[in-house]
Amino acid sequence: MKTRLPDLISIYCEEKETSFTDCTGAFDDVRFSAELRGNSVFVSVRAEKTPLRYIRLRWHFSPREKRSDLVRIYGDAWERGGGDLEWRGIVPERCMPWFCLVSNGSDSREDVSGRFTEGFGVKVRPGAMCFWQYDAAGATLWMDVRCGGLGVILGGRELFAGEIIFREYRNMSAFSAGQSFCREMCPDPLSPETPVYGSNNWYYAYGKSSHGEILRDAQIVGELCAGNKNRPFMVIDDGWTQNPKNGPWDRGKAEFPDMPGLAAEIKKLGVRPGIWVRYIYDENHVCGLPDEWHFAHDANFLDPSRPEVLGYIRETTERFVNWGYELIKFDCSTQDILGRRGYRVPYSVAADGWCFADRSKTSAEIIMDFYRAVAQAAGRKTVLIGCATISHLSAGLVHIGRTGADINGVNWDITRRMGVNTLAFRMMHHRALFDADADCVGITGELPWELVRQWLMALSKSGTPLFVSCRPGVLDEGQLNELREAFASGAEQKDVLVPLDWMENICPEKWMLNGEEVRFDWYADGINPMFAGKN
């Protein structure tokens with residue numbers, strides 16, 4: 001389908017809904033515009049006092065646009081995938097955040113002649129939270145312009161809601177089409193200067209760590225990566241502060257008495273230090289911040305629409321940089337800001353009935369202001385990992401996006417579901433929106449090495465960031481050599497791994513590695529339905 005203006009526009013306000021076919025429609029104090037410029041549709045809306053909730057755009061397929069062949073549809077996720085990314089048939093009620101792909105045939109077949117993939121999407125950093133629906137008669141885009149769970153009150157300003165694009169790709173695989181479409185949606189991805197890889201202590205320590213244990217881990221990863229020109233990172237995950245999953249962020253707990261000194265000691269080992277933070281969470285006000293900086297509806301979280309909160313976030317970020325940390329992984333912000341995990345909601349990432357302190361901005365605008373505050377304070381040289389950040393809003397503002405929910409160091413079914421599914425379905429984002437991080441390899445000694453080895457191989461040969469959480473002492477010399485080889489690949493990230501049977505299998509078995517087909521067996525004794533979906 002070629003990019004064109006919508007056939008029907010609906011505006012949902014707090015009190016009423018109005019529909020029209022004029023792309024410069026107006027009612028009451030609301031002014032809407034959908035303008036075709038080049039190969040994009042630019043959507044904007046203006047209002048004085050009317051609270052705006054949603055913009056709905058509908059394209060009716062003409063006889064030439066309607067697909068007559070058998071197609072499957074891919075829908076993306078708000079932020080991280082939850083192990084459920086997949087190609088499906090036409091499901092009219094299905095809500096697909098940011099973009100969707102419609103394709104015939106199968107990537108399992110080498111011959112791509114006759115393949116036809118269409119992309120329906122919104123370019124990155126729009127002023128609205130957007131999702132698509134696709135049915136046999138047309139395509140629908142919903143643009144959520146609420147402020148939290150209430151209508152935004154623009155006060156007379158014009159809101160740029162988004163730039164819409166449709167693209168067609170012929171005689172190529174759906175995966176290649178998806179990569180091309182992601183590049184179209186993001187003209188300015190932010191990439192690290194060198195490939196990012198190394199160690200993260202979370203998936204074996206789970207928050208129980210210390211200054212000395214981090215140095216031990218840094219020494220181990222430094223030795224395993226000896227000879228690699230690109231030096232690894234040692235990321236200190238949650239557990240270094242006085243309160244689990246919380247601040248204050250200006251000091252460590254008793255087991256971490258000197259955070260700047262720890263960064264310096266890590267560097268002396270030839271390893272680059274990284275640190276974890278959860279900016280928005282302030283349960284029981286342990287960070288000592290003013291009451292009015294918190295949400296009115298939930299005082300355990302900071303309101304990023306307040307300039308004072310953004311100033312505090314900048315100050316915290318600058319402190320980490322001044323301490324000597326070269327990577328900042330900021331986590332949990334979607335659920336902390338909007339009250340929901342993005343991969344667990346179908347269409348609305350915010351419940352009705354609440355709003356930010358600044359009701360003149362949409363949720364999307366406020367969240368991007370938060371991301372920009374972090375990016376500006378971090379500077380260009382500090383690597384930013386957005387974990388549980390919203391993919392389309394963080395693209396161009398973070399170097400690395402965590403693209404899936406957490407794997408697990410002791411439950412293989414969770415790693416298989418979250419890790420493999422994420423790697424297969426969101427490698428389209430890699431070096432298009434950001435460097436796509438499908439999460440770690442957890443090595444605890446509690447999972448069969450033949451399964452862990454396959455996940456390590458897939459991730460290290462994917463050309464994407466490689467992080468490993470390895471409990472010291474659980475690997476024999478042969479396994480350590482395999483880990484050494486994986487780190488060598490992760491240091492360069494030159495390999496190319498592509499899923500083949502991903503249109504039929506949400507945990508693909510068949511892949512193409514550097515032009516050669518390889519197969520993985522992700523199942524030891526089947527799956528455990530009692531635990532496979534828990535995380």
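Start at 1 with the first residue, then count along the sequence. On a predicted model such as this, the values are computed, not experimentally measured, just so you know.
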Does a side-chain N-to-carboxylate-O contact under 4.0 Å join [X] and [Y]?
| X | Y | value |
| --- | --- | --- |
| E118 | R167 | no |
| R417 | D84 | no |
| D406 | R402 | yes |
| K267 | E326 | yes |
| R341 | E79 | no |

Report yes or no: do [X] and [Y] form a side-chain donor-acceptor pair below 3.5 Å?
| X | Y | answer |
| --- | --- | --- |
| S106 | E504 | yes |
| D521 | Y523 | no |
| S460 | S489 | no |
| Q133 | W142 | yes |

Exercise. Side chain to side chain donor-acceptor pair (under 3.5 Å) with S191: which residues, sequence neighbours excluded?
Worked result: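 By the side chain to side chain donor-acceptor pair (under 3.5 Å) rule, S191 matches no residue at all.
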
For this session: With sequence neighbours left out, write down each residue that passes side chain to side chain donor-acceptor pair (under 3.5 Å) with D107, or none if nothing qualifies.
Result: R115, W502

How far apart are the closest heavy atoms of [X] and [Y], and which atoms are they?
| X | Y | result |
| --- | --- | --- |
| G75 | L85 | O-CD2, 4.0 Å |
| L141 | C130 | CD1-CB, 3.9 Å |
| L393 | I367 | CD1-CG2, 4.0 Å |
| A263 | P273 | O-CG, 3.8 Å |
| F256 | L262 | CD2-CD2, 3.8 Å |
| L397 | M368 | CD1-O, 4.3 Å |

Donor-acceptor under 3.5 Å ([X] side chain, [Y] main chain):
| X | Y | value |
| --- | --- | --- |
| H399 | P192 | no |
| T422 | M418 | yes |
| S209 | A205 | no |
| R272 | P232 | no |

Answer yes or no: is there a side-chain heavy-atom contact under 4.5 Å between [X] and [Y]?
| X | Y | answer |
| --- | --- | --- |
| T241 | K253 | no |
| I443 | V474 | yes |
| I236 | Y325 | yes |
| M457 | Q454 | no |
| I73 | R88 | no |
| D135 | E93 | no |
| L483 | V468 | yes |
| T403 | R80 | no |

Exercise. Among T444, T415, D439, which one satisfies side chain to side chain donor-acceptor pair (under 3.5 Å) with Y203?
Worked result: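 So the option named by the test is D439.
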
Exercise. Do you know which of D237, D437, D238 makes side chain to side chain donor-acceptor pair (under 3.5 Å) with K329?
Worked result: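 It is D237; the other options fail the test.
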
What is the distance from atom [atom1] of [X] to atom [atom2] of [Y], rounded to the nearest 0.5 Å?
| X | Y | atom1 | atom2 | answer |
| --- | --- | --- | --- | --- |
| D435 | I400 | CG | CD1 | 5.5 Å |
| I337 | T389 | CD1 | OG1 | 10.0 Å |
| T316 | D250 | OG1 | CG | 8.0 Å |
| Y134 | R94 | OH | CZ | 12.5 Å |
| C182 | M427 | SG | CE | 12.0 Å |
| I280 | N246 | CD1 | CG | 11.5 Å |

Problem set entry | Plane angle bin for F320 and W249 - parallel if under 30°, tilted between 30 and 60°, otherwise perpendicular |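 Rings of W249 and F320: perpendicular, over 60°.
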
For this session: Kindly assign one of parallel, tilted or perpendicular to the pair Y169 and F181, based on the angle between their ring planes and the thresholds 30° and 60°.
Result: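 Ring orientation, 0 to 90° scale: perpendicular.
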
Exercise. Can you list every ring-ring contact (aromatic ring centres under 6.0 Å, His included) pair that touches residues 439-468, not counting sequence neighbours?
Worked result: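 Checked against ring-ring contact (aromatic ring centres under 6.0 Å, His included) - neighbours excluded - no pair reaches residues 439-468.
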
Exercise. Between R380 and E193, is a salt bridge (Lys or Arg N to Asp or Glu O under 4.0 Å) present by the stated rule, with each step listed?
Worked result: CA-CA 10 Å; R380 299 291 291 186; E193 292 182 0; over 6 Å; no

Problem set entry | Derivation and outcome, side-chain contact (heavy atoms from CB on, under 4.5 Å), residues I390 and Y371 | CA-CA 10 Å; I390 296 175; Y371 296 160; 3.8 Å; yes

Problem set entry | Which residues share a side chain to side chain contact (heavy atoms under 4.5 Å, CB included) with D258, sequence neighbours left out | P260

Exercise. How far apart are the C-alpha atoms of S333 and F370, what are their side-chain angles, what is the distance that settles it, and do they pass the side-chain contact (heavy atoms from CB on, under 4.5 Å) test?
Worked result: CA-CA 9 Å; S333 59; F370 161 54; 3.5 Å; yes

Problem set entry | Residue pair N230, T194: steps toward the side-chain hydrogen bond (donor to acceptor under 3.5 Å, both in side chains) verdict | CA-CA 7 Å; N230 177 26; T194 57; 3.3 Å; yes

Exercise. Looking at Y281, does the NZ or CZ of R278 lie under 6.0 angstrom from its six-membered ring centre and within 45 degrees of the ring axis?
Worked result: yes

For this session: Tell me, with the steps shown, if R125 and D188 meet salt bridge (Lys or Arg N to Asp or Glu O under 4.0 Å).
Result: CA-CA 11 Å; R125 300 192 299 280; D188 57 351; 2.5 Å; yes

Problem set entry | Working for side-chain hydrogen bond (donor to acceptor under 3.5 Å, both in side chains), residues D76 and Y74 | CA-CA 7 Å; D76 207 54; Y74 169 80; 2.6 Å; yes

For this session: Would you please indicate if the ring centroids of W78 and W98 are separated by under 6.0 Å?
Result: yes

Do any side-chain atoms of residues 507-518 form donor-acceptor pairs under 3.5 angstrom with protein atoms, and if so which ones, sequence neighbours left out?
residue	atom	partner	partner atom	Å
W511	NE1	P508	O	2.9
N514	OD1	V496	N	2.8
N514	ND2	D495	OD1	2.8

Atom pairs and distances, side-chain donor-acceptor, residues 210-228, under 3.5 Å, sequence neighbours left out:
residue	atom	partner	partner atom	Å
S210	OG	E213	N	3.2
S210	OG	E213	OE1	3.2
H211	NE2	E265	OE2	2.9
E213	OE1	S210	N	3.1
R216	NH2	Y204	OH	3.1
D217	OD1	Y204	OH	3.1
D217	OD2	Y204	OH	2.6
Q219	NE2	E223	OE2	3.3
N228	ND2	Y197	OH	3.3

